[in-house]
Amino acid sequence: MTFKCKKFSVQDENSGLKVGTDGMLLGAWADVHNFNNVLDVGTGSGLISLMLAQRFDKPMIDAIDIFEGAVIDAQYNFEQSEWKSRLNVLQKNFTNYHLGKYDCIVSNPPFFNKSTKSITESKMIAKHTEMLSAEIIIEYASSFENIKSIQFVLPFSTEEEIINFAKSFGWDLARICQIKPFKSEKANRLLIDFRRLKQPSEKKQFAIREDKLSKEYTEEYIDLLKDFLIIF
């Protein structure tokens, strides 16, 4: 299947998880303008890397994934894009990969650890946290002083736990955005940016859609994704 954006397309037929709202949110929200070398962990089809390359001219972006199918998709998608000179994908296990060149990490990590396991191995590990989780990323990245920022999209229910976990490794909350599916409902997703330097934290919240009846997108969501989604 090919997912078409305004300036690039994403083929994801070989990837464990398909293009979805979580990746789109992080790719449009993450801030990497002050960084030179960004690592996209668990890249899948490379969506987040492509979005960051479109938004920011400065950083070189490496993407890693443990699955060959995801790497095949990401490599193809990168080669078809206008930013292919700044994008690179590698088949790597995160905790065996040296992070010495990077100053920022972004990730849409698997977090369906309590769900029924999928049939195929790629989908199983893409949806479960045994091999990769926000906690694993934070703990391993903390041993590399060159990394200044770690940015995630996560379930809203993990907010307090992940903030406390990150603090235990010396990370402060720089930005956080709570995402609600509808204005009348509670948040179910979390965009979060941890930094090493102490600074005032920025907290925002918005909904993706106005209400269940009209299902119209909110102005905030349109503004965030208007440079990518062809429906806007």
Side-chain angles (χ1 to χ4, degrees), residues 3-6 10 12 16-33 40-45 47-52 54-56 104-116 126-129 132-135 137-138 149-167 171-195 199-232:
F3 184 86
K4 294 184 178 181
C5 291
K6 288 183 177 178
V10 179
D12 62 5
L17 288 179
K18 306 308 179 185
V19 171
T21 302
D22 290 346
M24 296 294 299
L25 286 169
L26 182 59
W29 181 86
D31 183 3
V32 302
H33 80 278
D40 176 8
V41 179
T43 191
S45 58
L47 171 68
I48 294 171
S49 292
L50 286 161
M51 294 178 73
L52 293 178
Q54 177 179 325
R55 292 175 58 213
F56 302 99
C104 178
I105 289 174
V106 297
S107 183
N108 174 17
F111 44 73
F112 297 92
N113 57 318
K114 294 182 181 180
S115 64
T116 302
K127 291 185 177 180
H128 298 271
T129 61
L132 185 67
S133 67
E135 289 83 358
I137 293 171
I138 290 170
S149 172
I150 308 176
Q151 305 181 42
F152 296 110
V153 56
L154 296 169
F156 174 74
S157 60
T158 67
E159 179 177 344
E160 183 177 356
E161 180 181 353
I162 198 64
I163 290 174
N164 290 334
F165 185 85
K167 284 183 176 179
W171 295 93
D172 284 316
L173 178 63
R175 295 188 304 143
I176 188 169
C177 187
Q178 300 167 342
I179 311 296
K180 301 190 294 184
F182 299 95
K183 283 186 174 181
S184 61
E185 295 188 350
K186 295 180 179 179
N188 66 348
R189 286 293 182 269
L190 195 69
L191 297 167
I192 197 161
D193 181 353
F194 294 111
R195 307 267 173 150
Q199 54 190 310
S201 60
E202 173 190 289
K203 186 173 183 178
K204 294 184 177 181
Q205 184 183 87
F206 72 85
I208 293 176
R209 296 180 186 268
E210 293 286 347
D211 54 65
K212 291 184 177 180
L213 183 62
S214 68
K215 294 186 178 181
E216 292 182 355
Y217 291 105
T218 63
E219 291 183 7
E220 293 90 345
Y221 185 72
I222 293 172
D223 186 61
L224 186 68
L225 275 300
K226 63 184 179 182
D227 291 335
F228 301 100
L229 296 181
I230 59 178
I231 61 173
F232 300 144

Under 3.5 Å: donor-acceptor pair, side chain of [X], backbone of [Y]:
{"X": "D12", "Y": "V19", "value": "yes"}
{"X": "R195", "Y": "R175", "value": "no"}
{"X": "D172", "Y": "A174", "value": "no"}

As an exercise, state the distance from [atom1] of [X] to [atom2] of [Y], rounded to the nearest 0.5 Å.
{"X": "N164", "Y": "L173", "atom1": "CG", "atom2": "CG", "value": "10.5 Å"}
{"X": "I137", "Y": "L132", "atom1": "CD1", "atom2": "CG", "value": "4.5 Å"}
{"X": "R55", "Y": "L52", "atom1": "CZ", "atom2": "CG", "value": "6.5 Å"}
{"X": "R189", "Y": "C177", "atom1": "CZ", "atom2": "SG", "value": "13.5 Å"}
{"X": "Q151", "Y": "L26", "atom1": "CD", "atom2": "CG", "value": "7.0 Å"}
{"X": "F152", "Y": "I105", "atom1": "CZ", "atom2": "CD1", "value": "7.5 Å"}

key: Minimum side-chain heavy-atom gap P109-V41 below 4.5 Å   =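 They are not in side-chain contact.
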
key: Non-hydrogen side-chain atoms of I179 and T21 separated by less than 4.5 Å   =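 Side chain of I179 against side chain of T21, heavy atoms only: no contact under 4.5 Å found.
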
key: Under the ring-ring contact (aromatic ring centres under 6.0 Å, His included) test, residues paired with F156 that sit two or more places apart   =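 Scan of F156 (ring-ring contact (aromatic ring centres under 6.0 Å, His included), adjacent residues dropped) gives none.
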
Residue pair [X] / [Y]: nearest heavy atoms and the distance that separates them:
{"X": "D193", "Y": "S149", "value": "OD1-OG, 2.9 Å"}
{"X": "I162", "Y": "A134", "value": "CD1-CB, 3.7 Å"}
{"X": "I138", "Y": "F194", "value": "CD1-CE1, 4.3 Å"}
{"X": "C104", "Y": "V32", "value": "SG-CG1, 3.8 Å"}
{"X": "V106", "Y": "A30", "value": "CG1-CB, 4.2 Å"}

task = Applying side-chain hydrogen bond (donor to acceptor under 3.5 Å, both in side chains), name anything that partners S107, two or more places apart in sequence or on another chain.
result =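 Residues passing side-chain hydrogen bond (donor to acceptor under 3.5 Å, both in side chains) with S107: none at all.
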
task = Taking side-chain hydrogen bond (donor to acceptor under 3.5 Å, both in side chains) as the test, write out the residues that go with W29, two or more places apart.
result =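 Checked W29 against side-chain hydrogen bond (donor to acceptor under 3.5 Å, both in side chains); zero matches.
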
Expected list for residues 219-232: side-chain donor-acceptor pairs under 3.5 angstrom, two or more places apart:
| unit_1 | atom_1 | unit_2 | atom_2 | d |
| --- | --- | --- | --- | --- |
| D223 | OD1 | K226 | NZ | 3.0 |

Sequence neighbours left out, cut at 3.5 Å: what donor-acceptor pairs do the side chains of residues 203-211 make with other protein atoms?
| unit_1 | atom_1 | unit_2 | atom_2 | d |
| --- | --- | --- | --- | --- |
| Q205 | NE2 | Q178 | OE1 | 2.8 |
| R209 | NH1 | K215 | O | 2.6 |
| R209 | NH2 | Y217 | OH | 2.9 |
| E210 | OE1 | K183 | NZ | 3.0 |
| D211 | OD1 | L213 | N | 3.0 |
| D211 | OD1 | S214 | N | 2.6 |
| D211 | OD1 | S214 | OG | 2.9 |
| D211 | OD2 | S214 | OG | 3.4 |

inquiry  = I'd like to know whether NZ of K6 has more than 12 heavy-atom contacts from other residues, nucleotides or ligands below 6.0 angstrom.
reply    =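 Correct, the count exceeds 12.
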
inquiry  = Applying side chain to side chain contact (heavy atoms under 4.5 Å, CB included), can you list everything that pairs with E185, at least two apart in sequence or on another chain?
reply    =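 With sequence neighbours excluded, E185 shows a side chain to side chain contact (heavy atoms under 4.5 Å, CB included) to P181, F182, K212, given in chain and number order.
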
